[in-house]
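The structure appears below as structure tokens.
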Amino acid sequence: MTPLKILMVASEMVPFAKTGGLADVVGTLAIYLKKLGHDVRVVIPKYGSIDFSRHRTRVLVEPMGVWMGDKEEWCTVIETHIQSDIPVYFVEHNGFFDRWGLYHDEEMNDYLDNPKRFGFLSRASLQICKDIRFSPDVVHAHDWQCALVPAYLKINDSDDPYLGNTASVLTIHNAAYQGHYHKINYDYLGLGLQNFTEDKFESYGHINLLKGGIHFADLVNTVSQGYADEIKSPYGGVGMAPYLSNKGDSFFGILNGVDYDVWSPGKDTFIPVNYSLKDMSGKKKCKQVLQSVLKLKESPRIPVIGIVGRLVDQKGYDLLAQVIRRIVDDMAVQFAILGSGELSLEQFFEALPKEYSGTIGSYIGFNNVLAHLIEAGSDFFLMPSIYEPCGLNQLYSLSYGTLPIVRATGGLNDTVINYDESTGTGTGFKFWDATTDALYYTIGWAISTYYDRYHHIETMIQSAMSQDYSWDKSSKEYVKAYHKAIGNKNDR
Ligand code: ADP
């Protein structure tokens, strides 16, 4: 197959800026596309928080003018590389991107000018192509932040010498985040009043960036087939169902992969001792260090349940908050909790270790090293999500032999095989109802299996660690999706 020229546009990417799984996906998919022989380049904002000390940078374009409505914005484009040969272009506009957070301030208030910030990023990404004379076969835009890329391509650049033949793919990592903002921002975006209609950008009098992106993209995907089915249904689709259904066979799921160079117990450079299926002794040491770091009672025999995630409604931690006292009162189990997000949940989980000293340990904040240690040192990993587009942590947990306990939704349902007590098989424990009872009894089921049928746990660990969710397969599916998008564009 001839190599493709691919421009990815995203609001976060490892190793530069990360708030969630999106960053892992963008950074790793780029590497795997390159391995397949494609010319892949990535555009992200130059946030003030990015540490460039380990990267050589150069100015690629300066100054670069970007037309937003009838206003020209000026910025600089900085270039660096990952893996030495994948260019990453940073759009430097300090007024927009040199701020405390990526999307919100310390109090979790969305920046009010987010549609302008990310509309600008989207338009700037296409301007870069013109300025450096790069003519991509496909642009791959991620989430609502970059949903305007497909729109600008069609609305403004359909006759452009560099972009006129470029197809677009939009990946939805979470359909609940749609970029829903006041229409006061619309003129700035320069999308034309004719597109402020119910089937494109208008939604109850406001702007919906994701909806417009879905309309204009040549192909739309999300990050698991289970979630693709959910968001085509009226309840799970949070308003997007009819627009996604309209895309026909140009909307489907491609499961995220795992970067096993980073997230596997044999190669992980953050954990105290590496281990593998052949020699699991390192896992015991990781558990001991985890217990010590989070001031849990150091005991190899008490099962530890790990949690890493954004403390937001979606993740189901409020269910856990309602029932965690009952769990630790009734069961001999420990919790190792890492997360940040909504203030009430942060305060709740931060206070618990004082009440349950030695049994519940928590760290409120973003801490990548601790995230790795929790994956390696825990016996179980809990994800009680209300919905989960793909979920990466359960995939990481499988790789570390840390059995996931999950609500059977979206990607969690697609990737975890439920324990079968009669055969001792499975890779984790699932529950369906989003209730405290279902959560309580499923944790009880996992913990009783740990104490009463540990040989089953051992079999499950073996099969969990043998699962293969590498990007090898998923990156090839993206390449197929790119070709389909190109075909769709040519058909039109
Ligand atoms: P989402 O993208 O919805 O946040 P995922 O499970 O797909 O959920 O990905 C979450 C990613 O973010 C994982 O790599 C996880 O380790 C990381 N992560 C989430 N919260 C934290 C935190 N507080 N500290 C460190 N890493 C975190």
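Just so it is clear, the model here is predicted, and its values are computed rather than measured. We number each residue from 1, following the sequence as shown. Counting starts at 1 for both ligands and their atoms, following the listed order.
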Please state which protein non-hydrogen atom is closest to [atom] and give its distance, to 0.1 Å?
| atom | value |
| --- | --- |
| atom 24 (N) of ligand 1 | Asn367 N, 3.0 Å |
| atom 22 (C) of ligand 1 | Phe366 CD1, 3.5 Å |
| atom 11 (C) of ligand 1 | Gly21 N, 3.7 Å |
| atom 12 (O) of ligand 1 | Lys18 CE, 3.5 Å |
| atom 4 (O) of ligand 1 | Arg310 NE, 2.7 Å |
| atom 23 (N) of ligand 1 | Gly365 O, 2.8 Å |
| atom 7 (O) of ligand 1 | Leu392 N, 3.2 Å |

- Query: Gly339: heavy atom below 4.0 Å from ligand 1, yes or no?
  - Reply: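 Contact present.
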
- Quick one: does Tyr363 get a heavy atom under 4.0 Å from ligand 1? no

Would you mind listing which atoms of ligand 1 come within a distance below 4.0 Å of any non-hydrogen atom of [X]?
| X | result |
| --- | --- |
| Gly309 | 19 (C), 20 (N) |
| Gly391 | 6 (O), 7 (O) |
| Val308 | 16 (O), 18 (N), 21 (C), 27 (C) |
| Gly20 | 2 (O), 4 (O), 11 (C), 12 (O) |

Between [X] and [Y], is the gap from one ring center to the other below 6.0 Å?
| X | Y | value |
| --- | --- | --- |
| Phe90 | Phe16 | yes |
| Tyr419 | Trp445 | yes |
| Tyr260 | Trp471 | no |
| Tyr111 | Tyr103 | no |

- Item | Parallel, tilted or perpendicular: ring planes of Trp144 versus Tyr181, cut at 30 and 60 degrees |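 Because their plane-to-plane angle lies in the 30° to 60° range, the rings of Trp144 and Tyr181 count as tilted.
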
- Classify the ring geometry between Tyr227 and Tyr387 as parallel (under 30°), tilted (30 to 60°) or perpendicular (over 60°). parallel

- Query: Is a salt bridge present between Glu388 and Lys315, judged by a nitrogen-to-oxygen distance below 4.0 Å?
  - Reply: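 The answer is yes: the pair qualifies as a salt bridge.
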
- Is any N or O atom of Asn393, backbone or side chain, closer than 3.5 Å to an N or O atom of ligand 1?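 It does: an N or O of Asn393 is found under 3.5 Å from an N or O of ligand 1.
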
- Message: If we ignore hydrogens and angles and just use 3.5 Å, is the side chain of Lys211 paired with the main-chain N or O of Gly239 as donor and acceptor?
- Response: no

- Message: Within this structure, what is the CG-CG distance for the pair Leu338 and Leu373, rounded to the nearest 0.5 Å?
- Response: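 With rounding to 0.5 Å, CG (Leu338) is 10.0 Å from CG (Leu373).
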
- Item | Lys315, His173, Met383: member with heavy atom nearest to atom 1 (P) of ligand 1 | Lys315

- Query: Glu355 and Arg325: salt bridge (charged side-chain N to carboxylate O under 4.0 Å, His left out), yes or no, with the steps?
  - Reply: CA-CA 10 Å; Glu355 206 179 319; Arg325 289 191 174 89; 2.7 Å; yes

- Indicate, as side chain, backbone, both or neither, the part of Leu370 found under 4.0 angstrom from ligand 1 when only non-hydrogen atoms are considered. neither

